Amino acid sequence: MGNEIYIEDCRYHVGEEVTIKGWVRHKRSSGSIFFIEVRDGTGEIQCVVVKSEVDESTFQSCDSLKIESSLKVTGLLREEKRAPGGYEISVKSIEVIHIPEEEYPISKKSHGIDFLMEHRHLWLRSRRQWAILRIRSKVEKILRDFFYEGRFVLIDTPILTGSIGESAGNLFETEYFDLGKAYLAQTGQLYLEAAAASFGRVFCFGPTFRAEKSKTRRHLTEFWMLEAEMAFFNSDMNMDIQEKMISYAVKRALDECEQELSILERDTSKLEKIEPPFPRISYSEAIEILKKKGFSIEWGDDIGGDEETAISEEFSKPVFIYNYPREIKAFYMKPNPDDARTVLCDDLIAPEGYGEIIGGSQRNDSYELLMERIREEGLDPDKYAWYLDLRKYGTFPHSGFGLGLERFVSWICGLQHVREAIPFPRLINRIYP
């Protein structure tokens, strides 16, 4: 029995007898030789079974192998530049663990997206999905590293809440014992604001929910959001840290995900241009750009997906659009002291048509003005008593933002739809598997 290794560690074991465990990706034969491509979750390797070099039962077992059969392979590991991954195993023995009774349903032929989504539990095994979700995993670690290196404190915010962070029309609600209605969280922001008064700089990273009936390629009903809150940060400082984070994450993703990005055939030259500073335009400037590009839009209208794409075409880097009208933004945003029509906020629009990846703002630190906005929105002040307390006991200027992980990963990977950027997507027409 050889030294048991993972395929990604092959370069450390050339010339050794090794054992790998995995699944059959592909199999072909030329009579007296079988070529079996095996994957183990960390990579893929070609295993060569020569009839004259193995016993009869081992060779016969190869004939019965089907796609996705699980097995244990032992043999001599050697470099082979012509083989996938650059390494190859000259097989000495094979232990078959399981052979499927039926043919694997996802074949090399083209499948429609509905079929693939119905078989998402199996589609995850494909080379493309493997690459995307490994990038997602690495990006999550990279983003966490950014905050830990910046001495932020991780705060785990609740999923069930009685307080609304965004629009009340986009909530999933449930009965909460004898206490009335509770909601699946749209954001951890309000809780982060409380934590910022204790720790200064905080972040959370977890699932959030929006019951918005949207079918666009940028929307999910359940998605993961990274949110940060910083005490004594104004709106400009908020944008500064966002562009530092994005630049840091893109650079490290290029360095650490080379293999995965190659599988996806991603044009990384565009990502290589991502470094500070990012262009910043006001909402008013954005409206003028859109009018010149032929959009029927007026000051006070929200900027939608098509408009975001049109603006991003003017820049090779992500672009900030800042200070939107107060009527189309959330109640917690700080009024702009230089223009009462607007609030101190920003959206970061990714290039290449990927739309908004971050939304942020300076928060309203005035008890009176915040109470006024809560009432304007028709919200119950009693449910926000704890949130208002933050303005009663040592109020302070603070800002924060939220990054949608799936949109960010979609941009890094060059995907057409965010449904591929999460293992099991939840859409308005899908909750299976």
Side-chain angles (χ1 to χ4, degrees), residues 157-158 161-171 173 180-197 202 204 208-212 225 227-239 242 282-284 286-287 298-303 320-348 356 358-402:
T157 58
T161 177
S163 304
I164 298 169
E166 302 291 338
S167 169
N170 295 332
L171 289 163
E173 64 177 48
K181 294 189 184 301
Y183 307 96
L184 292 181
Q186 298 169 316
T187 174
Q189 177 207 314
L190 306 189
Y191 299 98
L192 283 186
E193 289 187 55
V202 295
C204 66
T208 54
F209 307 85
R210 302 282 169 91
E212 180 181 357
M225 187 155 60
E227 298 178 88
E229 204 72 29
M230 294 79 61
F232 308 109
F233 267 53
N234 62 27
S235 188
D236 288 332
M237 296 164 71
N238 194 21
M239 287 186 275
Q242 291 172 48
S282 69
Y283 167 87
S284 297
I287 294 299
E298 299 297 331
W299 201 99
D301 294 340
D302 204 357
I303 295 177
F320 286 106
I321 305 175
Y322 62 87
N323 294 4
Y324 283 69
R326 68 192 293 271
E327 285 79 8
I328 59 174
K329 286 296 180 180
F331 71 92
Y332 50 73
M333 296 184 181
K334 186 176 180 65
N336 181 0
D338 298 325
D339 183 352
R341 302 176 304 164
T342 65
V343 288
L344 298 175
C345 66
D346 66 86
D347 286 348
L348 183 61
E356 178 195 339
I358 295 180
S361 72
Q362 186 169 343
R363 315 312 191 187
N364 194 339
D365 51 67
S366 164
Y367 179 94
E368 292 76 14
L369 293 178
L370 182 58
M371 176 65 85
E372 181 181 313
R373 288 290 287 129
I374 286 173
R375 286 174 172 153
E376 281 180 10
E377 292 293 317
L379 302 173
D380 182 357
D382 290 342
K383 290 185 177 179
Y384 293 88
W386 68 269
Y387 185 62
L388 288 160
D389 274 352
L390 306 180
R391 279 73 179 167
K392 290 168 63 177
Y393 304 103
T395 192
F396 57 105
H398 58 290
S399 299
F401 62 87

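Not measured: the values here are computed from a predicted model. Just so it is clear, the values below take in all heavy atoms, side chains as well, and ignore hydrogens, waters and symmetry mates.
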* **L369 side chain reached by P335 side chain, heavy atoms, under 4.5 Å** => yes
* Asked: To the nearest 0.5 Å, what is the distance between CE (M239) and OG (S399)?
  -> 9.0 Å
* Asked: Roughly how far apart are N364 CG and L370 CG, rounded to 0.5 Å?
  -> 5.0 Å
* Structure fact -> When every non-hydrogen atom of A231 is compared with those of F396, the smallest separation belongs to CB-CE1, 3.6 Å
* Rounded to the nearest 0.5 Å, how far does CE of M225 lie from OG1 of T208? -> 4.0 Å
* Asked: Do the non-hydrogen side-chain atoms of E193 and R363 ever get within less than 4.5 Å of each other?
  -> yes
* Specify the closest pair of heavy atoms between S361 and M333, including all atoms of both residues, with the distance to one decimal. => OG-CG, 3.4 Å
* **Nearest-0.5 Å distance, NE2 of residue H398 to CZ of residue F232** => 10.5 Å
* Asked: Looking only at heavy atoms, what is the nearest atom pair of Q186 and N170, with distance?
  -> NE2-O, 3.4 Å
* Residue pair Y332, Y384: steps toward the ring pair (Phe, Tyr, Trp, His ring centres under 6.0 Å) verdict -> CA-CA 11 Å; Y332 50 73; Y384 293 88; over 10 Å; no
* To do: To the nearest 0.5 Å, tell me how far E212 CD sits from L171 CG.
  => 11.5 Å
* Side-chain (D301) to main-chain (E298) donor-acceptor, under 3.5 angstrom -> yes
* Heavy-atom side-chain proximity of T161 to Y191 below 4.5 angstrom -> yes
* Under 3.5 Å, is there a donor-acceptor pair between the side chain of N234 and the main chain of M237? -> yes
* Please tell me if the side chains of N238 and Q362 come closer than 4.5 Å, counting only heavy atoms from C-beta onward. => no
* Checking E377 side chain against F331 main chain: does a donor-acceptor pair fall under 3.5 Å? -> no
* To do: Using a 4.5 Å cut-off on heavy atoms from C-beta on, say whether the side chain of D346 contacts that of Q242.
  => yes
* **Considering all heavy atoms, the nearest P158-A185 contact** => O-CB, 3.6 Å
* Who are the ring-ring contact (aromatic ring centres under 6.0 Å, His included) partners of Y367, not counting sequence neighbours? -> none
* For the residue pair N323 and T342, confirm or rule out a side-chain donor-acceptor distance under 3.5 Å. => no
* Y283 and ring-ring contact (aromatic ring centres under 6.0 Å, His included): which partner among F320, Y322, Y324? -> Y324
* Asked: Are side-chain heavy atoms of Q189 and E229 found at a separation under 4.5 Å?
  -> yes
* Do you know which two heavy atoms are closest between R373 and K329, and how far apart they sit? -> NH2-O, 3.5 Å
* To do: Locate the shortest heavy-atom distance separating L190 from L390; write the atom from each residue and the value.
  => O-CD1, 4.4 Å
* Asked: Heavy-atom distance under 4.5 Å between the side chains of P381 and R375, does that happen here?
  -> yes
* Derivation and outcome, side chain to side chain contact (heavy atoms under 4.5 Å, CB included), residues L348 and F401 -> CA-CA 10 Å; L348 183 61; F401 62 87; over 6 Å; no
